[in-house]
Amino acid sequence: MKNLVKALKRCAVAGAAALAVVSLQPVSNAQAAPAPVVGGTRAAQGEFPFMVRLSMGCGGSLLTQQIVLTAAHCVSGSGNNTSITATAGVVDLQNTSGRVQVRSTKVLQAPGYNGTGKDWALIKLASPITTQATLKIATTTQYNTGTFTVAGWGSASEGGAQQRYLLKATVPFVSDATCRSYSGYSGLVASEEICAGFTAGGVDTCQGDSGGPMFRRDAAGAWIQVGIVSWGIGCARPNAPGVYSEVSTFASAITAAAATL
Ligand code: ARG
């Protein structure tokens with residue numbers, strides 16, 4: 001099972017090479033009509049201005065105008081890197097007039113990342129994206145509860161195609177104890193990962209959503225990022241929540257690392 005989890009965690013790497021390829025994997029869990037993220041709906045243009053699509057087939061969020069926060073498993077290491085294109089400003093990735101596309105200059109993968117926990121990375125852009133709002137990160141655990149919003153251009157069903165239009169969904173917090181009790185989740189790193197999803201499944205992030213934010217409203221009504229899409233056993237299956245990097249745990253490290261880029 002450990003290898004299966006690792007394989008799933010690295011899904012974005014495979015997705016990078018085959019962005020438009022529809023997987024032949026069967027959907028092993030037929031359940032309530034998989035509407036389009038799984039079980040989501042279309043985001044409105046401008047609704048989540050901080051959302052970024054990365055060319056290797058991952059999501060991300062604008063930490064600053066010139067730095068994208070994503071998942072460590074979406075990148076291959078740290079250093080100068082001009083191979084990634086970030087697309088922002090549109091829900092429709094094919095909207096060539098509305099979109100802003102900027103190349104990367106550097107990547108910083110979380111120090112100590114080894115495939116378990118610590119699933120965060122930063123991508124420095126060649127120029128700032130000045131037209132889009134950034135997303136602030138949670139610096140305390142106080143928002144690690146409640147209902148979260150997730151969004152991405154990843155699969156709308158397990159094994160399904162990447163999406164042209166940004167999808168969104170809401171998922172409830174799942175405690176570490178409950179999350180760890182599910183088959184395949186015993187390796188959960190409770191201090192570094194936060195789970196979300198419905199016991200019955202049906203709504204979840206999926207392949208290609210990795211690196212994107214999980215967020216909610218703070219006390220002042222502003223969006224605040226509490227998670228980064230990391231892994232799960234399949235997508236939207238019952239008793240198999242999505243696992244997200246726990247942003248509050250890494251907030252200081254993220255901010256400090258960003259200052260070095
Ligand atoms: N690892 C996947 C990716 O690279 C994300 C998987 C999220 N899975 C889930 N069931 N929430 O895109």
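We count ligands from 1, going down the list as the structure has it; atoms in each ligand are counted the same way.
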Peer 1: Mark the output for Arg237 as yes if a heavy-atom distance to ligand 1 is under 4.0 Å, and as no if none is.
Peer 2: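 The answer is no, since Arg237 has no heavy atom less than 4.0 Å from ligand 1.
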Peer 1: Hydrogens and angles aside, do Gln101 and Thr87 bring a side-chain donor and acceptor to less than 3.5 Å of each other?
Peer 2: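 Thr87 and Gln101 do have a side-chain donor-acceptor pair below 3.5 Å.
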Peer 1: What I want to know is whether Asp204 and ligand 1 share at least one N or O pair that is separated by under 3.5 angstrom.
Peer 2: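 Yes; the residue has a nitrogen or oxygen that sits under 3.5 Å from a nitrogen or oxygen of the ligand.
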Peer 1: What atoms in ligand 1 come closer than 4.0 Å to a heavy atom of Gly208?
Peer 2: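 Answer for ligand 1: 3 (C), 12 (O).
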Peer 1: Do Gln162 and Ser155 have side chains that get closer than 4.5 Å, going by heavy atoms?
Peer 2: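 Yes; the side chains approach each other to less than 4.5 Å.
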Peer 1: Regarding Asn80 and Thr82, do their side chains bring together a donor and an acceptor under 3.5 Å, going by distance alone?
Peer 2: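 Note: Asn80 and Thr82 side chains miss the donor-acceptor criterion.
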Peer 1: Answer with yes or no whether Gly154 contacts ligand 1, where contact means a heavy atom under 4.0 Å from a ligand atom.
Peer 2: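 Gly154: no contact with ligand 1 (<4.0 Å).
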Peer 1: At the 4.0 Å heavy-atom cut-off, does Ala240 count as touching ligand 1?
Peer 2: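 No.
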Peer 1: State the atoms of ligand 1, each with its element, that fall below the 4.0 Å cut-off from a heavy-atom position in Gly242.
Peer 2: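 Under 4.0 Å from Gly242, ligand 1 has these atoms: 11 (N).
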Peer 1: Could you tell me if Gln225 and Ser61 have a donor-acceptor pair between their side chains, going purely by distance under 3.5 Å?
Peer 2: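 Yes, Gln225 and Ser61 have a side-chain donor paired with an acceptor closer than 3.5 Å.
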Peer 1: If I take atom CG from residue Leu63 and atom CG from residue Leu261, how far apart are they, to the nearest 0.5 angstrom?
Peer 2: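 Atom-to-atom, Leu63:CG and Leu261:CG are 9.5 Å apart.
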Peer 1: Can you find a pair of side-chain heavy atoms, one from Val100 and one from Thr131, that are under 4.5 Å apart?
Peer 2: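 Yes - at least one pair of side-chain heavy atoms lies under 4.5 Å apart.
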Peer 1: Give a yes/no verdict on a cation-pi contact between Arg217 and Trp223, requiring under 6.0 Å between NZ or CZ and the six-membered ring centre and an angle within 45° of the axis.
Peer 2: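 Yes, cation above the ring, under 6.0 Å and within 45°.
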Peer 1: Where does Ala236 meet ligand 1, judged by heavy-atom distances below 4.0 Å: at the side chain, the backbone, both, or neither?
Peer 2: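 Contact part for Ala236 vs ligand 1: neither.
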Peer 1: Side chain, backbone, both or neither: which applies to Asp209 and ligand 1 if a contact is any heavy-atom pair less than 4.0 Å apart?
Peer 2: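 For Asp209, the contact with ligand 1 is made by the backbone alone.
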Peer 1: When you look for heavy atoms under 4.0 Å from ligand 1, do you find them on the side chain of Ser230, its backbone, both, or neither?
Peer 2: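 For Ser230, the contact with ligand 1 is made by the backbone alone.
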Peer 1: Compute the minimum heavy-atom distance from Gly234 to ligand 1 and say whether it is under 4.0 Å.
Peer 2: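 Per 4.0 Å heavy-atom rule, Gly234 contacts ligand 1.
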Peer 1: Taking distance alone, with N or O pairs closer than 3.5 Å, would you say Ser210 contacts ligand 1?
Peer 2: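 Yes, since at least one N or O of Ser210 sits under 3.5 Å from an N or O of ligand 1.
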Peer 1: Can a cation-pi geometry be assigned to Arg42 and Tyr165, taking NZ or CZ under 6.0 Å from the six-membered ring centre and within 45° of the ring axis?
Peer 2: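 Yes, a cation-pi geometry holds between Arg42 and Tyr165.
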